[in-house]
**Student:** 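Got a structure for you, written out below as structure tokens; questions coming shortly.
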2 protein chains.
Amino acid sequence: MLKEERQKFILDQVHLHHRVLLNDLSESLNVSIDTVRRDVKELAKDRKLKKVHGGATSFGFMNFRKDEGNVYLQSKKIAIAEKTVSLLSEGQVILMSGGTTNMEVAKMIPKKMALTVFTPSLHVAMELLELPEVEVIFLGGKLLHDAKFAVGGTVVNSLSQLRVDLCILGTGYLDAEFGLTEFDWEVIQVKQAMIRAAKKTVILSVSDKLHSVQKYKTCDMSAVDVLVTELDPANELLDAFRPFHLQLI
Amino acid sequence: MLKEERQKFILDQVHLHHRVLLNDLSESLNVSIDTVRRDVKELAKDRKLKKVHGGATSFGFMNFRKDEGNVYLQSKKIAIAEKTVSLLSEGQVILMSGGTTNMEVAKMIPKKMALTVFTPSLHVAMELLELPEVEVIFLGGKLLHDAKFAVGGTVVNSLSQLRVDLCILGTGYLDAEFGLTEFDWEVIQVKQAMIRAAKKTVILSVSDKLHSVQKYKTCDMSAVDVLVTELDPANELLDAFRPFHLQLI
DNA sequence: ATAATTCTTGCATGATCTTGCAGCATTTGC
DNA sequence: GCAAATGCTGCAAGATCATGCAAGAATTAT
């Protein structure tokens, strides 16, 4: 692996997670910690990231607000949100999961568009309430502290009584072979119920999360109808997903 | 965990709660109190927060939240919230309605107190999720755009399956003769269901709202067990409520 | 093609940073 | 004023960092 690739990987990680540990980098790159240290030092000299004891952070890490995200990722998410909104049409009844990408979608829905949206995400609900023509129905249940997301039997139960047009799932980990995966067992129960409740399933994913796998599986790729990324649909990174009967935008 | 992450966490807490205790930080971060002390000292040197004996505060703690309207009213609400929190005890299951006063209550609940709280208010749920020991269950339903409050049959139905220790109702209009009133029909359905679901009903009201009446009636004063105002319980403004079997604090 | 040079990488060493603890000073609440 | 809580300092163990060095890879000069 070239030095350049390594440094790009390091930068990507920093942009994605806002902070990295030298040890983790050393392990995932299969190089000594010294090499990583030197790379980070170099990147820090070029002001590409900020070096701290034991790792590195993105600039503005301290002022970083959860709801703002960083510019690098943010632009990708906005691109995804724009494409996603184009899938919506007046009067539809849809389901939206949580995650920052879905929040962007909510922000980007036209002010005059009438929709009915069910969601188990506090943040998404909050955004949707800014739109006067959108009827927002919260799928109540036990809330997860970190994700601000309702899970549990109540949510799944409510979902089992629905049959909606569209289900928009954000922030999952995606892999052509293993399908859609998550790291939280309770969340996948809800997402599975969401998929069951909808005629059509749309997955939003920034390209960083393609080809990454987590512990628990939400569904196969075959259950997905549309995959939205920030990439051009012709991009080679998406080749692995072409064998499935899904729309790439 | 990186030092930067710790310091960011501390700053976030300070911004959120306007004051933190070193002990709480030490516990939630799983580091010694000395480390927290050093971090706070460092942040204080950078003028990111203000260090005080036993903890830290945000700058301008005294005049905080001028942007959220009336400081005068705010201080009353904080006084009410303090009294209300004293009614709570470990392990209780409670209901909380919406409103800014209830948000203050949520902010003032001790970090270590374990509670289970049901609420139909997005804002209150949001605040409660900052408390690690509080289990938050959102009562899902159609959300009102302005109040960010869930109403409708789903909410009432969920409530009919509950029997909790305490119900805390904020922002109502109160009159000794006409009882508790509201201006929104859907909201009173929910509040009535909340009262029915609880063994004990607590009403929070700033004194400005005493002796004012709105269109729809939630309940009689006789249904109220505790009335919390910012006033001294002996204040003559409360005389009208003394004939009822309720606790004034 | 071969040799010299430069670059890169991993390892060893000692320096520096971080963190928790113990002992004593200071502040706070009663 | 007293007891308890909080704060400060120095110290020690462990982690992290900087530096020099050597072996191998890539590049350049001859």
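Given the structure is predicted, the values throughout are model-derived calculations rather than measurements. Numbers restart at 1 for each chain; the letters A, B, ... are given by sequence-line order, proteins then strands.
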**Student:** Between C:dG10, C:dC17, C:dT19, which one does the side chain of A:His53 approach most closely?
**Tutor:**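 Nucleotide nearest to A:His53's side chain: C:dC17.
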**Student:** Side chain of A:Lys41 only, heavy atoms from C-beta on: which candidate in C:dG10, D:dG7, D:dA18 is closest?
**Tutor:**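 From the listed options, D:dA18 comes nearest.
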**Student:** Check this for me: does any side-chain nitrogen of one of B:Arg37 and B:Asp34 sit under 4.0 Å from a carboxylate oxygen of the other?
**Tutor:**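 Here B:Arg37 does not pair with B:Asp34 in a salt bridge, since their nearest N and O are not under 4.0 Å apart.
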**Student:** Is the shortest side-chain N/O distance from B:Arg37 to OP1 or OP2 of C:dG20 below 4.0 Å?
**Tutor:**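 False: B:Arg37 side-chain N/O out of range (4.0 Å or more) of C:dG20 OP1/OP2.
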**Student:** Round to a whole Å and report the spacing from CZ of A:Arg6 to P of C:dC7.
**Tutor:** 16 Å
**Student:** Send over the distance from B:Leu22 CG to C:dT28 C1', rounded to a whole Å.
**Tutor:**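 Between C1' of C:dT28 and CG of B:Leu22: 14 Å.
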**Student:** Look at the side chain of A:Asp34 against the base of D:dC17 and say whether a donor-acceptor pair falls under 3.5 Å; ignore hydrogens and angles.
**Tutor:** no
**Student:** From CD of A:Glu42 over to P of C:dC7, roughly how many Å is that when rounded to an integer?
**Tutor:**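 Rounded to whole Å, this separation is 12 Å.
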**Student:** Between the side chains of A:Thr181 and A:Asp175, does any donor sit under 3.5 Å from an acceptor?
**Tutor:**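 Note: A:Thr181 and A:Asp175 side chains miss the donor-acceptor criterion.
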**Student:** So does A:Lys51 get a side-chain nitrogen or oxygen closer than 4.0 Å to the phosphate oxygens (OP1/OP2) of D:dC17?
**Tutor:**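 The answer is yes; a side-chain N or O of A:Lys51 sits under 4.0 Å from OP1 or OP2.
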**Student:** What is the distance, to the nearest angstrom, from the CD atom on B:Glu27 to the P atom on D:dT6?
**Tutor:**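 Whole-Å distance recorded here is 13 Å.
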**Student:** Quick one: B:Glu5 CD to C:dT19 P, roughly how many Å, whole number?
**Tutor:** 12 Å
**Student:** Report yes if at least one side-chain N or O of A:Ser32 is closer than 4.0 Å to OP1 or OP2 of C:dT9; otherwise report no.
**Tutor:**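 Checking C:dT9 against A:Ser32, no side-chain N or O comes under 4.0 Å of OP1 or OP2.
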**Student:** With respect to the phosphate group of D:dA5, does any side-chain polar atom (N or O) of B:Asn23 fall under 4.0 Å of OP1 or OP2?
**Tutor:**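 For D:dA5, OP1/OP2 do not have a side-chain N/O of B:Asn23 under 4.0 Å.
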**Student:** Over how many whole Å does the gap from B:Leu21 atom CG to D:dG7 atom P extend?
**Tutor:** 10 Å
**Student:** Rounded at 0.5 Å granularity, tell me how far CD1 in B:Ile94 sits from NZ in B:Lys200.
**Tutor:**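 Rounded to the nearest 0.5 Å, the CD1-NZ separation comes out at 12.0 Å.
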**Student:** To the nearest 0.5 Å, tell me how far A:Leu144 CG sits from A:Asp184 CG.
**Tutor:**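 If we round to the nearest 0.5 Å, A:Leu144:CG and A:Asp184:CG are 5.5 Å apart.
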**Student:** Give, for atom CG of A:Asp39 and atom NZ of A:Lys8, the distance between the pair rounded to the nearest 0.5 Å.
**Tutor:** 14.0 Å
**Student:** If I compare all heavy atoms of A:Thr229 with all of A:Ile80, which pair ends up nearest, and what's the gap?
**Tutor:**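 Looking at all heavy atoms of both residues, the closest pair is C-CG1, 3.5 Å.
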**Student:** Taking only Lys NZ, Arg NE, NH1 and NH2, and the carboxylate oxygens of Asp or Glu, determine whether B:Lys45 and B:Glu42 approach each other closer than 4.0 Å.
**Tutor:**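 Salt bridge flag = no for B:Glu42 with B:Lys45.
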**Student:** For B:Ile33 and C:dA22, give me the distance from atom CD1 to atom P, rounded to whole Å.
**Tutor:**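 That distance rounds to 15 Å.
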**Student:** Need the bend value for the helix from C:dA1-D:dT30 to C:dC30-D:dG1: angle between end axes, 5 pairs each end, nearest 10°.
**Tutor:**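 One end's axis against the other's: 50°.
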**Student:** Could you check whether B:Val52 gets within reach of a base, just the sugar-phosphate, or nothing at all, counting any heavy atom under 4.0 Å?
**Tutor:**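 The answer is sugar-phosphate, as B:Val52 gets under 4.0 Å only of primed atoms, P, OP1 or OP2.
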**Student:** Rounding to an integer number of Å, can you tell me how far B:Asp39 CG sits from C:dT19 P?
**Tutor:**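 The answer, rounded to whole Å, is 7 Å.
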**Student:** Counting distance alone, no hydrogens or angles: does the base of D:dG7 have a donor or acceptor under 3.5 Å from a partner atom on the side chain of B:Arg38?
**Tutor:** no
